[in-house]
Amino acid sequence: VQLQASGGGLVQAGGSLRLSCAASGRTFSTHNVGWFRQAPGKEREFVATITWSGGSTYYADSVKGRFTISRDNAKNSVSLQMNSLKPEDTAVYYCASGRVLPATAAVLMQPGHYDYWGQGTLVTVSS
């Protein structure tokens, strides 16, 4: 599976962006998918995740109510709609996938459980 993240850019605080993660490979539809981000000088942190069927989603407290993760298995893609962006959302955003088991929130939030990673897309939110 190869992942390609896109959709990043420069936006003012309060604005919106939609990130996309396009995947190649027939097994993507069986993978749980997560979005993580890494700001300069900080560790990579969990943002949001969605299970393979789309039946469950989990969010970091810092983005809950502002970000929405969704997927379209027919198109091998996962999206992250980001609204009400804040300067502290500035980071490189990565999508990751894998048959993360068990698919519990605690496990899905850990980057080490994912097998495949995209190259990242930069989101910059100006104040």
Side-chain angles (χ1 to χ4, degrees):
V1 173
Q2 292 186 322
L3 305 178
Q4 179 78 31
S6 62
L10 174 64
V11 64
Q12 288 187 332
S16 299
L17 281 175
R18 186 177 182 87
L19 304 185
S20 295
C21 179
S24 63
R26 291 183 296 173
T27 60
F28 182 75
S29 62
T30 66
H31 286 187
N32 302 308
V33 177
W35 284 97
F36 295 81
R37 67 187 182 187
Q38 188 165 18
K42 295 187 177 181
E43 293 187 353
R44 190 168 298 188
E45 66 173 2
F46 167 75
V47 176
T49 187
I50 187 167
T51 53
W52 69 271
S53 66
S56 294
T57 57
Y58 304 101
Y59 298 90
D61 288 343
S62 60
V63 307
K64 203 171 293 183
R66 301 187 297 122
F67 291 11
T68 302
I69 189 171
S70 61
R71 69 187 299 160
D72 185 340
N73 283 341
K75 296 183 178 179
N76 264 14
S77 68
V78 171
S79 297
L80 183 69
Q81 177 66 42
M82 306 187 297
N83 299 328
S84 302
L85 283 162
K86 303 175 181 180
E88 51 263 44
D89 294 319
T90 295
V92 177
Y93 284 70
Y94 300 89
C95 60
S97 78
R99 298 193 72 183
V100 183
L101 295 172
T104 63
V107 172
L108 289 168
M109 290 179 181
Q110 301 303 316
H113 290 289
Y114 292 82
D115 300 313
Y116 306 98
W117 288 82
Q119 84 291 356
T121 185
L122 176 62
V123 172
T124 304
V125 184
S126 62
S127 57

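For the pair His113 and Leu108, the minimum side-chain heavy-atom distance is 4.5 Å or more. You'll find the side chain of Val78 stays beyond 4.5 Å of the side chain of Cys95, heavy atoms only. Between Phe67 and Leu85 the shortest side-chain heavy-atom distance falls below 4.5 Å.
Within the model, atoms CG of Leu3 and OG of Ser77 stand 11.5 Å from one another, a figure rounded to the nearest 0.5 Å. If you take OG on Ser29 and CG on Asp72, they are separated by 11.0 Å, rounding to the nearest 0.5 Å. The distance from the NZ atom of Lys86 to the OG atom of Ser127 is 14.0 Å, given to the nearest 0.5 Å.
Gln119 places a side-chain N or O within 3.5 Å of a backbone atom of Ala5 that can act as its donor or acceptor partner. Put simply, the side chain of Asn76 gets close to the backbone of Gly25: a donor and an acceptor are under 3.5 Å apart.
The number of heavy atoms from other shown groups lying within 6.0 Å of NZ (Lys42) does not exceed 12.
Residues Val92 and Ile69 do not share a hydrophobic cluster, clusters being chains of Ile/Leu/Val/Met/Phe/Trp/Tyr side chains in contact below 4.5 Å. Transitive grouping of hydrophobic side chains (ILVMFWY, heavy atoms separated by less than 4.5 Å) keeps Tyr58 and Trp52 in distinct clusters. When the side chains of ILVMFWY residues are joined at heavy-atom separations under 4.5 Å, either directly or via intervening members, Val63 and Leu80 end up in a single hydrophobic cluster. In this structure, Leu17 is a member of the same hydrophobic cluster as Ile50, with clusters built from ILVMFWY side-chain heavy atoms closer than 4.5 Å. Taken together through direct or relayed side-chain contacts under 4.5 Å among Ile, Leu, Val, Met, Phe, Trp and Tyr, Val11 and Val47 form part of one hydrophobic cluster.
In summary, of the residues considered (Thr51, Val107, Val33), a side-chain contact (heavy atoms from CB on, under 4.5 Å) with Val100 occurs for Val107 alone. No option in Thr90, Leu10, Leu19 other than Leu19 meets the side-chain contact (heavy atoms from CB on, under 4.5 Å) test with Val123.
Judged by the 6.0 Å distance and 45° axis criteria, Arg71 is positioned over the aromatic ring of Phe28.
Annotation for Phe36 and Phe46: closest pair CD2-CA, 3.4 Å, computed over non-hydrogen atoms. Contact detail for Gly98 and Asp115: the closest heavy-atom pair is CA-OD2, 3.9 Å. Scanning all heavy atoms of the two residues, the minimum distance from Thr121 to Gly8 falls at OG1-N, 3.0 Å.
Using the six-membered ring where Trp is involved, Tyr94 and Trp117 have ring planes that are perpendicular, over 60° apart on the 30 and 60° scheme.
Side-chain contact check for Tyr114 and Thr49: at least one donor-acceptor pair (N or O, by modelled atom type) lies under 3.5 Å.
Applying the salt bridge (charged side-chain N to carboxylate O under 4.0 Å, His left out) definition to pairs two or more places apart or across chains, those involving residues 17-37 are Arg37-Glu45, Arg37-Asp89.
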